[in-house]
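Below is one structure, written out as structure tokens, with a few remarks after it.
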Amino acid sequence: MAKVSAAFRAPYSQPNGMQMTDEGLWVADQVTDRCALVETENVNRYGKTLVLREIDTECSNTSGMTYGDGALWLAANGPGSKYRPARSTDYDSGATVKVDPMTGETLESWPMPIEGGTHGIEFDTYEPGTMWVSGQGNKMAQLKMEDRSVIRTLDLPHPRSHGVVRVEDGIWIAFTSNLVLIKFDVETNEEMDRIDVPESHPAPHGLSAYPGGLIYCDSSTGWIGVIEVKV
């Protein structure tokens with residue numbers, strides 16, 4: 001059985017996207033749309049994270065994050081005026097925003113292929129040149145990066161799909177409202193495994209692979225949780 005635990009507080013009040021990289025853990029804030037690279041190796045020793053770098057971005061209502069091809073990819077879940085004053089760079093609907101991880105500069109952006117907002121986003125290292133994005137209507141789509149065409153879609157059993165982690169034999173998807181992470185076969189759409197998150201623990205929003213299992217953030221409480229499990 002997977003062990004779920006609250007690990008530490010995020011550097012932001014509403015962390016809603018995250019991605020583990022060789023440099024450290026990237027965390028995205030839904031309110032300010034800032035992203036912080038934090039060091040996690042000594043978090044238990046000091047009781048808090050060390051921010052290594054922080055960038056401003058032109059994303060809006062940032063609700064997901066991944067990393068690939070030397071860039072951060074952010075899920076813009078529509079305009080950010082719900083949380084802060086509107087900006088001219090805000091996105092009217094769901095979009096993918098490619099960001100320079102050193103400067104925060106927007107390199108490219110694309111609208112969602114599925115109309116509506118978006119939360120989960122994952123760069124697929126097992127099928128290079130592709131990316132997974134979640135959309136409204138209980139769908140998860142795999143896109144071809146060169147033209148943003150849809151390769152395949154997964155039908156999901158619950159609404160509000162959020163963080164995504166691609167593994168060699170499948171894909172993990174967090175369902176925030178249902179407090180569950182489900183692993184699917186990307187070819188057959190069949191459920192392969194599941195992890196229930198106790199109500200007393202942070203709810204799963206952003207999700208990433210982590211040494212020894214999975215790591216996730218809760219935008220409601222600001223906590224980051226760790227799940228010890230073979231992924």
Side-chain angles (χ1 to χ4, degrees), residues 1-5 15-19 28 30 61-66 73 75-78 93-96 111-127 130-144 148-210 213-221 223-231:
M1 181 178 294
K3 179 183 177 182
V4 183
S5 59
N16 209 21
M18 64 190 325
Q19 179 67 49
Q30 185 176 14
N61 196 353
T62 305
S63 299
M65 166 188 278
T66 188
W73 305 76
N77 191 33
S93 187
T96 300
M112 277 288 293
I114 303 171
E115 186 177 354
T118 181
H119 290 90
I121 182 170
E122 175 77 338
F123 202 84
D124 195 327
T125 57
Y126 297 96
E127 296 184 58
T130 72
M131 174 181 288
W132 294 85
V133 293
S134 69
Q136 303 298 320
N138 297 15
K139 298 286 186 180
M140 175 70 64
Q142 184 184 21
L143 309 180
K144 187 180 295 184
R148 309 297 291 172
S149 60
V150 176
I151 300 171
R152 60 164 67 91
T153 59
L154 300 180
D155 293 316
L156 306 180
H158 305 296
R160 205 182 175 195
S161 58
H162 213 301
V164 189
V165 172
R166 178 73 157 97
V167 292
E168 186 173 4
D169 63 341
I171 189 166
W172 284 96
I173 302 173
F175 296 92
T176 304
S177 298
N178 297 80
L179 298 178
V180 65
L181 280 67
I182 301 178
K183 182 180 180 180
F184 297 92
D185 185 309
V186 299
E187 299 290 343
T188 67
N189 207 152
E190 294 180 357
E191 179 177 326
M192 303 171 67
D193 198 359
R194 68 166 49 211
I195 300 168
D196 292 307
V197 177
E199 289 187 12
S200 58
H201 289 63
H205 289 76
L207 182 71
S208 181
Y210 189 70
L214 299 165
I215 190 167
Y216 71 93
C217 58
D218 181 355
S219 71
S220 298
T221 66
W223 276 93
I224 289 176
V226 170
I227 302 173
E228 298 177 29
V229 64
K230 184 177 180 181
V231 298

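The residues of the chain are indexed from 1 along the displayed sequence. Side chains are part of it too, since the values below use all heavy atoms of this structure and drop only hydrogens, waters and symmetry mates.
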Without hydrogens or angle criteria, can the side chains of [X] and [Y] be said to hold a donor-acceptor pair below 3.5 Å?
X	Y	result
Ser63	His119	no
Thr130	Gln142	yes
Arg160	Thr176	no

Nearest non-hydrogen partners of Leu154 and Val186, listed with the distance: CD2-O, 3.8 Å
Going by heavy atoms in the side chains, are [X] and [Y] under 4.5 Å from each other?
X	Y	result
Pro204	Leu179	yes
Glu228	Leu214	no
Gln19	Glu122	yes

Report the C-alpha separation of Leu156 and Ile173 in whole Å, then their side-chain angles, then the decisive distance to 0.1 Å, and conclude whether the side chain to side chain contact (heavy atoms under 4.5 Å, CB included) test is met. CA-CA 9 Å; Leu156 306 180; Ile173 302 173; 3.7 Å; yes
Distance col, row Asp169:CG vs Glu187:CD, nearest 0.5 angstrom, shows 12.0 Å
Does the side chain to side chain contact (heavy atoms under 4.5 Å, CB included) test come out yes or no for Val229 and Ile195, once each step is laid out? CA-CA 9 Å; Val229 64; Ile195 300 168; 3.9 Å; yes
Only one of Val226, Val197, Leu181, Ile224 forms a side-chain contact (heavy atoms from CB on, under 4.5 Å) with Tyr216, so which one is it? Val197
Any carboxylate oxygen within less than 4.0 angstrom of a Lys/Arg side-chain nitrogen, looking at Glu127 and Lys144? no
